[in-house]
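Note that the structure is predicted; figures quoted are calculated from it, not measured. Every chain is numbered from 1 and lettered A, B, ... according to where its sequence line falls, protein lines coming before strand lines.
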Amino acid sequence: MGLEEILKQQVKAAVKALYGIDADDKQIQLQKTRPEFEGNITLVVFPFVKLARKAPAQVAEEIGKAMTDSAIVGEPVIEKFNAVQGFLNMSIAPSFWIEQLEAIAANPQYGEQPDRNQLMMVEYSSPNTNKPLHLGHVRNNLLGSSIARIQEANGWKVVKTNIVNDRGIHICKSMLAWLKFGNGETPESSGKKGDHLIGDYYVRFDKEYRKQIAELMAGGMSEDDAKREAPLMKEAQAMLLKWEQGDKEVRELWAKMNSWVYAGFDETYKMMGVSFDKIYYESNTYLEGKKEVERGLQEGLFYRREDGSVWADLTGDGLDEKLLLRSDGTSVYMTQDIGTAKLRYQDYPIDKMVYVVGNEQEYHFKVLSLLLDKLGFPFGKELVHFSYGMVELPNGKMKSREGTVVDADDLMEQMIKDAKEISKDKVNTLPDITEAEANEIARKVGLGALKYFILKVDPRKNMLFNPEESIDFNGNTGPFIQYTYARIQSVLRKGRPTSSPSLIGRGVNSPDTLNDKEVALIQRLTDYPATVKQAGEEFSPAVLCNYAYALAQEFNSFYHDYSILNEADEQKKNLRLLLSAEVAKVLKHAMALLGIEMPARM
RNA sequence: GGUUCGGUAGCUCAGUUGGAUAGAGCAACAGCCUUCUAAGCUGUGGGUCCCGGGUUCGAAUCCCGGCCGAAUCACCA
């Protein structure tokens with residue numbers, strides 16, 4: 001049983017004995033004692049003050065006394081206490097802390113919840129195949145894969161899925177521009193990564209398209225009309241129609257260009273360290289979606305306008321009317337998402353479906369949820385849109401078409417380069433290091449810095465990235481935590497406990513056995529399972545970042561103040577070695593949930 | 001305009017179901033490597049928690065009203 005549960009029970013017994021109060025869990029507020037006071041855990045006694053009809057300080061004093069009285073609480077876990085106003089600061093007995101540490105050491109899966117035998121599908125990444133991945137996608141991928149790992153640690157079976165947006169008007173734009181301006185360029189001929197090559201033509205399309213709009217407007221046309229009437233746009237739309245009709249040439253071109261993009265994406269995913277269990281392609285799911293829309297039309301759920309387009313009227317649900325099929329019969333984003341959802345539930349016994357998609361699409365998912373529900377799918381109402389915030393640049397949002405993006409490949413490469421550069425400046429550069437190992441460390445550290453930088457901010461909030469300022473390697477960063485880990489590994493290479501963990505605590509239970517920093521570390525370690533749980537419930541990798549940072553910081557402080565290997569007292573030395581090893585274990589586990597690798601040296 | 005989300009130190013961000021004098025990092029300044037890795041440790045300065053009301057023993061946190069910012073309301077995805 002964890003410390004909190006034990007304390008809660010004892011508090012219950014205490015207030016029952018003192019005041020006849022049957023306290024519920026909500027009234028028992030335990031928090032970490034602030035450093036300026038003595039103690040480890042603090043009980044807020046205000047909730048009992050009214051019922052006890054006494055002054056807060058007196059109530060705190062009385063509860064404190066009861067908590068140390070074995071006649072009331074059974075075996076007390078607190079050895080002393082002090083009362084400050086309405087706060088009861090309690091000190092836990094060292095023997096209890098040592099038992100906790102031993103229990104942690106004995107559990108290789110420490111922090112993980114038991115299997116709950118339920119399946120969660122997590123959709124993330126979901127790229128368009130008309131451009132390379134940028135920083136916005138990086139946030140999506142890192143959040144998605146981290147959340148998948150976190151939910152696994154919380155006992156879910158997780159299927160990671162990716163719905164590749166491989167068809168649609170945006171792809172046609174790249175294809176068209178390539179046909180018109182490409183001169184047969186291929187990844188081989190140009191040496192460009194496939195996704196980058198295609199992205200260049202997407203940008204090119206937009207450039208030429210704007211030119212045409214400007215010309216038409218100069219000729220006296222309104223902007224809206226010009227956008228519609230521009231020949232390039234008409235050609236792209238015609239191409240999409242041909243694609244849906246299965247035109248051989250268009251399909252072949254499409255397949256070829258997509259294959260270039262996939263090769264490029266695979267490299268990026270690999271470098272980023274993300275993967276999927278099942279990939280869906282919209283080119284395979286949109287027909288299913290169309291079928292469902294047709295069915296809805298027949299059942300009178302949707303309606304057709306004079307021009308042939310199909311709509312859902314959601315005004316009764318407080319939303320607008322939503323297009324489901326264009327007048328030319330081609331499908332839209334929503335159509336495909338309906339089909340994809342249906343197929344997924346056919347393929348897997350999904351208990352919970354989570355879409356990791358930016359908050360700019362909140363409306364879309366509200367509509368999707370409603371539409372699925374109207375179509376009679378029981379999972380419509382259940383879907384979870386994990387809506388995360390945008391990555392903004394100092395001058396606003398990233399726009400692929402306008403070329404104001406931070407490219408994912410470039411960014412990762414730069415981070416690794418920076419990590420390499422920084423390591424060269426270090427005083428303690430590892431003397432016997434090979435070039436290969438140095439590169440491997442730089443990769444872990446560079447990517448660790450990037451991932452932590454992104455994951456440490458609350459996923460729901462927009463975040464700012466300034467390309468002018470390089471991402472830090474000092475302070476509250478991934479490398480800080482990696483460094484702490486590497487230090488511990490270095491110590492452990494030089495010394496191991498000379499007795500088994502279960503024996504370490506024996507006979508060292510005198511009050512001075514544990515110093516403040518050791519207690520703080522053990523206490524922090526005992527928080528870990530609750531932290532993993534919280535990260536899962538809140539879908540927040542940031543919770544784990546904060547935890548890992550606090551743990552690493554406390555370890556560094558301990559490391560600075562106390563010697564481990566040179567400690568003369570064998571018992572204490574063993575205890576510190578064990579404590580260090582457990583800190584390293586938990587740091588590694590937490591960072592693994594974030595997708596951050598730990599170097600054994602750095 | 002409707003809806004949703006946000007506003008905390010110069011900058012980037014934490015801040016549990018309301019709890020003690022609001023915290024980190026970066027940047028600035030001052031210290032600490034003959035001792036287990038200085039990507040570290042210690043200290044100093046830095047705040048109208050957007051504004052105004054309300055709820056109560058207690059509000060950055062909850063409620064109401066403003067102000068500011070973002071997203072969205074497409075035959076884009």
Who is the Watson-Crick or G-U wobble partner of [N], with both distances under 3.5 Å?
{"N": "B/G46", "result": "none"}
{"N": "B/G18", "result": "none"}
{"N": "B/C26", "result": "B/G10"}
{"N": "B/U61", "result": "none"}
{"N": "B/U3", "result": "B/A71"}

task = For A/Lys32, enumerate each residue passing the salt bridge (Lys or Arg N to Asp or Glu O under 4.0 Å) test, keeping only those at least two apart in sequence or located in another chain.
result = A/Asp527

query = For A/Lys322 and A/Ala600, take the nucleotide of RNA chain B holding the closest heavy atom to each; which residue's nucleotide lies nearer the 5' end?
reply = A/Ala600

remark   = Of A/Asn566 and A/Ser331, the one whose nearest nucleotide on RNA chain B sits closer to the 5' end is A/Asn566

Any side-chain N or O of [X] under 4.0 Å from OP1/OP2 of [N]?
{"X": "A/Asn474", "N": "B/G40", "value": "yes"}
{"X": "A/Arg326", "N": "B/C76", "value": "yes"}
{"X": "A/Thr484", "N": "B/A39", "value": "no"}
{"X": "A/Arg487", "N": "B/C41", "value": "no"}

Residue [X], side-chain heavy atoms: nucleotide from [options] that is nearest:
{"X": "A/Lys494", "options": "B/U72, B/C36, B/A77", "value": "B/C36"}
{"X": "A/Asn128", "options": "B/C73, B/A77, B/A71", "value": "B/A77"}
{"X": "A/Asn359", "options": "B/U37, B/A71, B/C73", "value": "B/A71"}
{"X": "A/Tyr333", "options": "B/A39, B/U37, B/A77", "value": "B/A77"}
{"X": "A/Gln553", "options": "B/U3, B/G25, B/A77", "value": "B/G25"}
{"X": "A/Pro479", "options": "B/A39, B/U72, B/G40", "value": "B/A39"}

[X]: what forms a ring pair (Phe, Tyr, Trp, His ring centres under 6.0 Å) with it, not counting sequence neighbours?
{"X": "A/Phe205", "value": "A/Tyr209"}
{"X": "A/Tyr280", "value": "none"}
{"X": "A/Tyr333", "value": "A/His364"}

For a quick check of understanding: with a heavy-atom distance under 4.0 Å over all strands, which category does [X] fall into, base, sugar-phosphate or nothing?
{"X": "A/Tyr562", "answer": "base"}
{"X": "A/Val49", "answer": "nothing"}
{"X": "A/Ile422", "answer": "base"}
{"X": "A/Phe473", "answer": "base"}
{"X": "A/Ser557", "answer": "sugar-phosphate"}
{"X": "A/Arg601", "answer": "base"}

Rounding to an integer number of angstrom, what distance separates [N] and [M] when you compare their [atom1] atoms?
{"N": "B/U17", "M": "B/C62", "atom1": "C1'", "result": "12 Å"}
{"N": "B/A9", "M": "B/C13", "atom1": "C1'", "result": "11 Å"}
{"N": "B/G54", "M": "B/A60", "atom1": "P", "result": "15 Å"}
{"N": "B/A74", "M": "B/C67", "atom1": "P", "result": "25 Å"}

inquiry  = Is it the case that the ring center of A/Phe365 lies less than 6.0 angstrom away from the ring center of A/Tyr355?
reply    =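 Yes, the ring centres sit under 6.0 Å apart.
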
message = Tell me if the centroids of the rings in A/Tyr286 and A/Trp243 come within less than 6.0 Å of each other.
response = yes

Show every donor-acceptor pair shorter than 3.5 Å between a side-chain atom in residues 465-473 of chain A and any protein atom, with sequence neighbours excluded, or say none if there are none.
residue, atom, partner, partner atom, Å
A/Asn466, OD1, A/Glu468, N, 3.0
A/Asn466, ND2, A/Glu469, OE2, 3.4

request  = Summarise protein proximity over nucleotides 12-21 of chain B in one line of letters, 5' to 3': B for base, S for sugar-phosphate only, - for none, counting protein heavy atoms closer than 4.0 Å.
outcome  = SSS--S-BB-

request  = Give a yes or no on this: more than 12 heavy atoms of other residues, nucleotides or ligands lie within 6.0 Å of atom NZ of A/Lys588.
outcome  = no

ask   = Using 4.0 Å as the upper bound for N to carboxylate O, is an ion pair formed by A/Arg601 and A/Asp432?
value = yes

query = For B/C29, does the glycosidic angle fall within 90° of 0 (syn) or outside that (anti)?
reply =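 Anti for B/C29; the angle lies over 90° from 0.
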
